[in-house]
Protein chains: 2
Amino acid sequence: MKSGNPLLLLIEDDPQFQMLLNTTLQSQGFYVLAVGTGQAGLIAVRNQQPSLLILDLGLPDMDGQEVISRLRKWSEIPIIVLSARDQETDITLALDHGADDYLTKPFSPAVLISRIKALLRRVAKLPGGALEVFQVGELKVELTRRRVFVSIKEISLTPIEFNLLSELVRHAGFVVTHRQLLEKVWGASHVEHSHYLRIYMAQLRHKLESDPARPRYLLTEAGVGYRLNEAEN
Amino acid sequence: MKSGNPLLLLIEDDPQFQMLLNTTLQSQGFYVLAVGTGQAGLIAVRNQQPSLLILDLGLPDMDGQEVISRLRKWSEIPIIVLSARDQETDITLALDHGADDYLTKPFSPAVLISRIKALLRRVAKLPGGALEVFQVGELKVELTRRRVFVSIKEISLTPIEFNLLSELVRHAGFVVTHRQLLEKVWGASHVEHSHYLRIYMAQLRHKLESDPARPRYLLTEAGVGYRLNEAEN
DNA sequence: TTTTAGTATCAAGATTTCGTAAGGATAAGA
DNA sequence: TCTTATCCTTACGAAATCTTGATACTAAAA
């Protein structure tokens with residue numbers, strides 16, 4: 001299940017408090033997965049790969065600090081800790097073990113929300129998340145780096161060539177109409193110049209295809225537009 | 001002192017408190033740059049490119065919230081806010097404007113240290129993060145010490161040259177657009193002067209490349225921007 | 001087969017973008 | 001004051017890129 005909204009994992013043993021948080025978070029558009037033990041939490045992080053973890057330190061089955069330490073051996077998931085304990089040593093211990101934030105109970109739900117968003121915003125630029133890579137056969141397109149490879153050889157594309165290819169990559173497997181391509185690459189005032197497309201598609205094929213006359217990736221959909229083949233054949 | 005230590009910028013108008021924090025932070029091995037006004041802070045972020053900002057909200061010359069908003073238009077520097085105000089709205093406002101963390105006075109120095117480290121740790125994993133030393137081939141760049149080497153020979157760069165190179169280092173492997181570079185190095189009012197880039201890129205190449213006409217590190221992405229090559233070839 | 005609409009290719013000229021050099025302005029330090 | 005370093009400005013040739021027009025190809029319809 002892929003969707004725009006982030007999935008938050010909540011590890012909290014008090015059912016009432018769990019329910020309360022659940023409602024608050026969902027009202028902000030987050031998906032929430034709630035578990036009651038550290039064990040279940042560790043498993044959920046591995047299996048569900050949530051975007052962020054909200055961890056109550058007081059757990060029945062294991063020490064909250066230990067949950068953090070164990071997680072950090074193999075995961076970089078953002079962690080916000082909740083705790084009734086406000087001693088300096090508790091806070092520094094949790095943070096030093098690898099937590100990202102620490103809130104003492106009682107806390108304002110609005111502040112929790114803002115802190116979650118702040119952390120997600122910070123983490124949104126992680127390499128894994130930001131690096132959009134499309135690959136089919138020999139062809140590899142790294143959108144965020146603006147780099148294109150055929151097998152391991154890097155291909156240099158001009159801005160128009162790259163923007164055109166991007167638009168096809170973003171809709172890989174689907175036809176993109178002439179109008180759509182022209183509008184994205186040249187702007188709304190050039191939607192009539194479908195001639196440009198032929199020129200640049202030819203150039204792209206020349207650079208990316210082994211046999212430009214019989215393209216494997218950049219396919220023509222006569223009368224409609226072009227399509228980037230996403231399946232090997 | 002260890003070379004890779006991060007530079008922290010402290011914006012705090014109370015001299016006594018500034019002194020106190022300064023001592024605390026330095027005792028932890030951080031380099032500290034302290035200023036007393038929002039204006040000076042904004043300039044320092046641009047010119048010194050610190051790894052993290054500690055911002056007291058109560059400033060004499062401008063609203064602390066505005067400092068955050070203005071910074072976030074062109075900088076992703078991690079921000080920890082200090083404030084005597086503990087109202088929910090103050091906190092959420094600061095975070096929603098783009099701060100990463102918020103501490104209410106009085107706070108424990110140990111907690112501040114742990115929170116700084118937590119944030120730096122998080123940010124170190126991002127592209128454009130607080131990676132301290134960048135190296136590829138013969139070229140080595142130490143961001144916080146502001147030193148650059150080609151093989152073992154140290155190269156002297158002017159402030160603009162260094163800031164330009166920093167910006168490329170922070171996004172090593174990614175294209176950085178003309179606009180982005182101009183905004184970071186010269187400020188938002190100079191985004192049109194793309195010829196500055198050509199001049200200074202030429203100077204950088206002259207200083208850093210063995211064959212400036214055929215650059216190995218400082219690559220041009222025609223029509224888009226420049227890219228620092230992150231892989232040897 | 002001929003026609004036709006849509007597509008592909010080629011190459012030259014126009015335009016934009018880049019690299020380089022040289023000189024003037026400014027400010028800091030000797 | 002003179003020197004030095006840095007930054008900005010101007011100018012121009014070179015390179016890359018885009019646009020344009022002419023021409024050839026292909027497949028489906030008449």
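Below, chain A is the first sequence line, B the second, and so on; all start at residue 1. None of the values given here were measured: they were computed from a predicted structure.
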Mind checking T220(B) for me? I need base, sugar-phosphate or nothing, with any heavy atom below 4.0 Å counting as a touch.
sugar-phosphate

Produce the list of close N/O pairs, under 3.5 Å, pairing protein atoms with atoms of nucleotides 27-30 of chain C; give distances to one decimal.
none

Using atom [atom1] of [X] as one end and atom [atom2] of [N] as the other, report the distance to the nearest whole Å.
| X | N | atom1 | atom2 | value |
| --- | --- | --- | --- | --- |
| E192(B) | dT17(C) | CD | P | 12 Å |
| R205(B) | dT20(C) | CZ | P | 7 Å |
| M201(A) | dC10(C) | CE | C1' | 18 Å |
| R227(A) | dT7(C) | CZ | P | 15 Å |
| L164(B) | dT6(D) | CG | C1' | 15 Å |
| L218(B) | dC18(C) | CG | P | 15 Å |

Give a yes or no on this: more than 12 heavy atoms of other residues, nucleotides or ligands lie within 6.0 Å of atom NZ of K207(A).
yes

In this structure, is the centre-to-centre distance between the rings of H171(A) and F174(A) below 6.0 Å?
no

If you define the side chain from C-beta out and look only at heavy atoms, does anything of Y102(B) sit under 4.5 Å from T92(B)?
no

Of H178(B) and V224(A), the one whose closest DNA chain C nucleotide lies more 5'
V224(A)

Do you know which of V150(A), L165(A), V136(A) makes side-chain contact (heavy atoms from CB on, under 4.5 Å) with Y217(A)?
V136(A)

Exactly one of V148(A), L139(A), L143(A) should register a side-chain contact (heavy atoms from CB on, under 4.5 Å) with V169(A). Which one does?
L143(A)

Once the angle between the rings of F107(B) and F17(B) is folded into 0 to 90°, is it parallel (under 30°), tilted (30 to 60°) or perpendicular (over 60°)?
perpendicular

Is the H193(B) ring parallel, tilted or perpendicular to the H190(B) ring (thresholds 30°, 60°)?
perpendicular

Heavy-atom nearest pair, T104(B) first then R85(B), reads CG2-O, 3.2 Å

If you measure from the Lys or Arg side-chain nitrogens to the Asp or Glu carboxylate oxygens, is any gap between R72(B) and D96(B) under 4.0 Å?
no

Would you tell me if any nitrogen or oxygen in the side chain of R198(A) comes within less than 4.0 Å of OP1 or OP2 on dT7(C)?
yes

Can you tell me if the side-chain N/O atoms of Y226(A) get under 4.0 Å from OP1 or OP2 in dG6(C)?
no

Readout for nucleotides 15-30 of chain D: B = base within 4.0 Å of protein heavy atom, S = sugar-phosphate only, - = neither; 5' to 3' it is -SSBBBBB--------

